[in-house]
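Chain naming here is simple, since letters A, B, ... match the order of the sequence lines and numbering starts at 1 in each.
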There are 2 protein chains.
Amino acid sequence: MVDVTTGRNHGKDLRRYLGPGVHRGRTTDAVTDALREAILDGFLTPTTWLREDEIAAAFEVSRTPVREAMRRLADEGLVVKTAHHGTTVAPLSLEDVLALYVVRENLEGLAARLAAVRCPAGLVERLDEIGSRMKAAAAEADTARLSGLNLEWHRALRDATGNSYLGRFLGQVEHAVRRLPSSTLGHPGRADEVLSEHDAVVRAIEQRDGAAAEQVAKAHMRRAREIRLAVMLGE
Amino acid sequence: MVDVTTGRNHGKDLRRYLGPGVHRGRTTDAVTDALREAILDGFLTPTTWLREDEIAAAFEVSRTPVREAMRRLADEGLVVKTAHHGTTVAPLSLEDVLALYVVRENLEGLAARLAAVRCPAGLVERLDEIGSRMKAAAAEADTARLSGLNLEWHRALRDATGNSYLGRFLGQVEHAVRRLPSSTLGHPGRADEVLSEHDAVVRAIEQRDGAAAEQVAKAHMRRAREIRLAVMLGE
DNA sequence: CGCATTCAGTTTGCATTCAATGATGGACGT
DNA sequence: ACGTCCATCATTGAATGCAAACTGAATGCG
């Protein structure tokens, strides 16, 4: 996908990250999302130089929206800009991963607590519904689908908090986590664990027990971090 | 400062937010910081329309850096863009303030805990030093200086966590809090309270007691929220 | 008289052009 | 042979130009 020798990315392949149609008045947003997806997918790696005119050519747009997109991604911490030379995907060190999970544990715990306290109508049903679809995906060992549903579950939870700041921060955390290579859900036995941990969170929410929801959600994240480290350190 | 009748801002006054010199290769950053300061200062209010060419004229730059700056501020949540019509400063509702303090309580608590656990050399001394300067400012009832030192204290604390994600999120929280009208430090008796609450946090850090540091930091934020609400609701 | 419609004006969105700067590779001196 | 200096180039930074889209008001119709 990426020619490491020259550090150049292949335009044709990159193009598919951008939707096929036109992007009336939303070119910059479309380019931002496309680049972000390419990075989160691992298509663009920290070894790749992202040259503005190359990407503009690949997406068949001008440099302006590409420029703005890269600045936004730089603000998000996904890429690093070097003046007058180029932009690369930001590397993610082991320290960064640890720091990320520490923050994530706290924020997800807070989200679970707030969701339990508010417990908006339909929330428990929605989480359970996603959970049953995850169970089906787990039964088929469809890790990709499972991973997508897992994202959906966590998004549903944070949307239920009704706290826009928390939602924004957890969104940024999600972006960072998705950059990590290969989901932890492929780890043997992890899928079932996740299902039961999610269920514990939902049951606590159902009983409006904020403190319990926070505790089990935090435990869920601590366990996720353990698996993540095991995967990253070669198990 | 702002002509509410026309919704237009006075260029000359806005200009001073941008440093006087040249901004070689950093025009966009300079404009972003200038606009952010103008918003945090309350110079640009939610009733003001931010027109790209007006601001560009006021800063004597082209529309391009202004455009990029506004997009960044929109990502930060400070302004709201309406396609093909304009940009306004985002309003901050009472709900937003409550949501903000909920998240802030958690993040500041986490920061205090991490700082206590790591307790890098010189941290306690630095916090105490800022604290004594705050005491001096409080004695002179210099609320503006006190407020600046308060920011410095909280920044020192979060830098000491060594957690880049936490630092980024607390930075965004700080921006949001600074948008609130008039510091709570002007509230009668609040300055002394803040001093003793800060001191309690530092003493817990000094003893490397993470749990205690977290608790007192969270209590500090809960109290800050109370005062904030009292001020906002007309006391 | 009220409502839909259209048309001009304003403002942003993207493309293109121009300028500045850091990097790269070669020549030269030692 | 190696290090330094300088010219050239590649790349980003900022300015300008042009087209699309949203607003608001004026106008025609029911």
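Atom-to-atom, CZ of Arg51(A) to C1' of dG13(D) comes out at 16 Å; the value is rounded to the nearest Å. Between the CZ atom of Arg67(B) and the P atom of dG13(D) there is a distance of 16 Å, given to the nearest Å. Atom pair Glu60(A):CD and dA15(C):P shows a separation of 11 Å (rounding to whole Å applied). Taking atom NE2 of His23(B) as the reference point, atom P of dT21(C) lies 14 Å away to the nearest angstrom. What separates CH2 of Trp49(B) from C1' of dT23(D) is a distance of 10 Å, to the nearest Å. At whole-Å resolution of the value, CD in Glu68(A) and P in dG13(C) are 8 Å apart. What separates CZ of Phe59(A) from P of dA15(C) is a distance of 13 Å, to the nearest Å. Rounded to whole angstrom, the span from the CG atom of Asp53(A) across to the C1' atom of dT12(D) amounts to 9 Å.
Lys81(B) has no side-chain polar atom (N or O) that falls below the 4.0 Å cut-off from OP1 or OP2 of dT11(C). Between Thr28(B) and dA14(D) there is a side-chain polar atom (N or O) within less than 4.0 angstrom of OP1 or OP2. When the side-chain nitrogen and oxygen atoms of Arg24(B) are compared with OP1 and OP2 of dG13(D), none of them lie within a distance under 4.0 Å.
Closest approach to the His85(B) side chain among dT23(D), dA15(D), dC14(C) is made by dT23(D) (side chain taken as heavy atoms from C-beta onward). Set against dG22(C), dA15(D), dT16(C), the side chain of His84(A) has dG22(C) as its closest nucleotide. Distances were taken from every side-chain heavy atom of Thr27(A) (C-beta onward) to each of dT12(D), dC14(C), dA15(D); the shortest belongs to dC14(C). The side chain of Arg71(B) lies closest to dC14(C) when the candidates are dA14(D), dC14(C), dA15(C).
Side-chain atoms of Thr64(A) and base atoms of dA15(C) include a donor and an acceptor less than 3.5 Å apart.
The existence of a salt bridge linking Arg158(A) and Glu174(A) is confirmed by a sub-4.0 Å separation between a basic side-chain nitrogen and an acidic carboxylate oxygen. Classification of Glu152(A) and Arg126(A) as a salt-bridged pair holds, one side-chain N sitting under 4.0 Å from a carboxylate O. Checked for salt-bridge contact, Arg178(B) and Glu37(B) meet the test: a charged N lies under 4.0 Å from a carboxylate O.
Ring orientation note: the planes of Phe169(B) and Phe169(A) are close to parallel, at an angle under 30° on the 30°/60° scale.
Heavy atoms of other residues, nucleotides or ligands lying less than 6.0 angstrom from CZ of Arg222(B) number more than 12. By the 6.0 Å contact criterion, CD on Glu125(B) is enclosed, its count of non-hydrogen atoms from other residues, nucleotides or ligands being greater than 12.
Of the two residues near DNA chain C, Ala83(A) and Val61(A), the one whose nearest nucleotide lies more 5' is Val61(A). Mapping Arg63(B) and Gly25(A) onto DNA chain D by nearest heavy atom places Arg63(B) closer to the 5' end of the strand.
Rounded to 10 degrees, the angle between the two end axes of the helix from dC1(C)-dG30(D) to dT30(C)-dA1(D) is 10°, with five pairs used at each end.
With contacts defined as side-chain heavy-atom distances shorter than 4.5 Å, the pair Val61(A)/Val66(A) qualifies.
With 3.5 Å as the limit, one finds no donor-acceptor pair spanning the side chains of Tyr17(B) and Asp33(B).
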